Amino acid sequence: MWKNGLIQSLKDPSLQVISSDIAVVIKDKYPKAKYHFLVLPKEDISSIFKLTRDHLPVLDELRLLATNVIEVSGEKEKNFKIGFHAIPSMTRLHLHVISKDFISPCLKTKKHWNSFTTKLFIDYDKLYEELEKTGSVKRIESTEAKDLENSPLKCNHCSFEAKTIPSLKDHLLSHLK
DNA sequence: GTTCTAGAAC
DNA sequence: GTTCTAGAAC
């Protein structure tokens with residue numbers, strides 16, 4: 001089943017970029033930017049919704065590996081987004097580490113775009129705080145999620161709003177240095 | 001999560 | 001006529 005794809009990838013050492021005793025970094029199979037890594041715990045945590053305060057140290061470790069893999073790539077952390085999808089599709093908790101260029105042939109749909117650039121993307125710090133304060137991560141309302149998935153294609157660098165995905169992709173090229 | 005493709009949008 | 005999106009996938 002495709003939902004278990006990440007767990008399969010986790011087992012394949014050739015896909016591992018870096019790892020520690022408790023977590024592994026792999027490249028996203030369909031990267032949505034120049035750099036797109038996933039940090040997964042070895043512990044069988046299916047998603048953000050299974051997290052408790054007991055997992056805070058695991059999150060700390062995921063975050064450390066995120067910093068490490070950016071360093072190894074020779075890039076600057078400020079040029080990355082680090083966080084979780086509010087509605088994960090695939091099982092096994094995974095932290096996205098993605099460069100803000102969002103230039104990739106695999107970025108094809110409005111849902112892709114909005115999953116990284118709206119509240120459908122939960123920054124690491126925000127999720128960590130919620131877990132610390134409330135002891136769990138709340139599921140987003142499905143009506144709000146639909147609205148976010150279908151919201152206008154706003155550039156993540158400026159006020160530009162694209163009418164189509166291809167025009168957004170053209171526009172993103174203009175932000176390359 | 002992706003692929004495929006019908007038909008909407010242009 | 002071509003580009004682009006969006007829903008089914010048994």
Side-chain angles (χ1 to χ4, degrees), chain A residues 1-19 23-51 58-59 62 65-66 69 73 80-124 126-127 137-158 160-175:
Chain A
M1 186 55 171
W2 61 263
K3 285 195 174 188
N4 295 317
L6 289 179
I7 293 173
Q8 294 302 317
S9 299
L10 196 56
K11 293 177 190 165
D12 186 347
S14 71
L15 297 177
Q16 298 183 7
V17 183
I18 55 172
S19 66
V24 170
V25 181
I26 62 175
K27 287 184 183 178
D28 192 292
K29 191 174 179 184
Y30 299 92
K32 304 304 186 297
K34 187 174 176 186
Y35 296 96
H36 188 182
F37 304 103
L38 303 177
V39 191
L40 302 90
K42 291 183 177 176
E43 186 182 341
D44 183 17
I45 304 167
S46 64
S47 77
I48 53 174
F49 307 116
K50 300 294 184 188
L51 291 170
V58 176
L59 290 185
L62 299 186
L65 281 181
V69 75
S73 302
F80 283 75
K81 293 190 70 136
I82 300 174
F84 302 88
H85 276 147
I87 307 174
S89 294
M90 303 183 85
T91 195
R92 182 56 59 92
L93 177 72
H94 53 285
L95 177 64
H96 287 271
V97 180
I98 184 166
S99 55
K100 294 177 180 174
D101 52 273
F102 289 109
I103 289 169
S104 164
C106 299
L107 177 54
K108 294 177 176 176
T109 69
K110 178 174 263 191
K111 189 174 169 181
H112 286 155
W113 179 252
N114 286 332
S115 75
F116 287 104
T117 60
T118 69
K119 286 183 175 171
L120 292 171
F121 191 84
I122 308 174
D123 285 330
Y124 173 88
K126 191 185 172 204
L127 182 135
V137 176
K138 196 176 173 228
R139 211 174 278 273
I140 190 172
E141 290 283 345
S142 64
T143 52
E144 187 188 359
K146 277 280 175 270
D147 286 347
L148 289 168
E149 282 176 0
N150 291 309
S151 57
L153 298 169
K154 292 181 182 171
C155 177
N156 61 320
H157 300 293
C158 72
F160 180 76
E161 201 172 291
K163 289 187 174 66
T164 68
I165 290 288
S167 65
L168 173 66
K169 290 166 73 87
D170 282 348
H171 172 81
L172 289 172
L173 290 172
S174 74
H175 286 293

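Here is how names work: the chains are called A, B, and so on, in the same order as the sequence lines, proteins then strands, and each is numbered from 1. These figures come from a predicted structure and were not determined experimentally.
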How would you label the contact of A:Lys3 with the nucleic acid (heavy atoms, under 4.0 Å): base, sugar-phosphate, or nothing? nothing
A:Lys32 NZ to B:dG1 C1', straight-line distance once rounded to whole Å: 8 Å
Euclidean distance, atom CH2 of residue A:Trp113 to atom C1' of C:dT5 [Å, nearest integer]: 18 Å
Nearest-Å distance, CE (A:Met1) to P (C:dC10)? 12 Å
Considering Watson-Crick and G-U wobble pairs with both distances under 3.5 Å, what does C:dC10 pair with? none
A:Leu6 has an atom CG; how far is it from atom C1' of B:dT2, in whole Å? 13 Å
Hey, are the side chains of A:Leu6 and A:Ile26 touching, using non-hydrogen atoms and a 4.5 Å cut-off? yes
Find the distance A:Lys163:NZ to B:dA9:C1' and express it as a whole number of Å. 13 Å
Does A:Ser104 use its side chain to pair, donor to acceptor, with the backbone of A:Pro31 at less than 3.5 Å? yes
Base, sugar-phosphate, or nothing: which does A:Ile165 touch, judged by heavy atoms less than 4.0 Å apart? sugar-phosphate
Phosphate contact (C:dA6 OP1 or OP2) by A:Lys108 side-chain N/O below 4.0 Å: no
Are the side chain of A:His175 and the backbone N or O of A:Leu172 linked by a donor-acceptor pair below 3.5 Å? no
Regarding A:His94, tell me which of base, sugar-phosphate or nothing describes its non-hydrogen contacts under 4.0 Å with the strands shown. nothing
Could you tell me how far apart A:Lys169 (NZ) and C:dT3 (P) are, to the nearest whole angstrom? 16 Å
Using whole Å, report how far NZ of A:Lys111 lies from P of C:dA6. 12 Å
Can you see if the side chain of A:His112 gets near the phosphate of B:dG1 - specifically, an N or O under 4.0 Å from OP1 or OP2? no
Nearest heavy atoms of A:Phe80 and A:Lys100, plus distance in Å: O-CE, 3.4 Å
May I ask you to say what A:Pro166 touches in the nucleic acid, namely base, sugar-phosphate or nothing, with a heavy-atom cut-off under 4.0 Å? sugar-phosphate
Measure the shortest side-chain to side-chain distance between A:Leu65 and A:Leu95 over non-hydrogen atoms and say whether it is less than 4.5 angstrom. no
Report the base-pairing partner of B:dG1 (Watson-Crick or G-U wobble, both distances below 3.5 angstrom), or none. none
I need the CG-C1' distance between A:Leu107 and C:dT5, as an integer number of Å. 14 Å
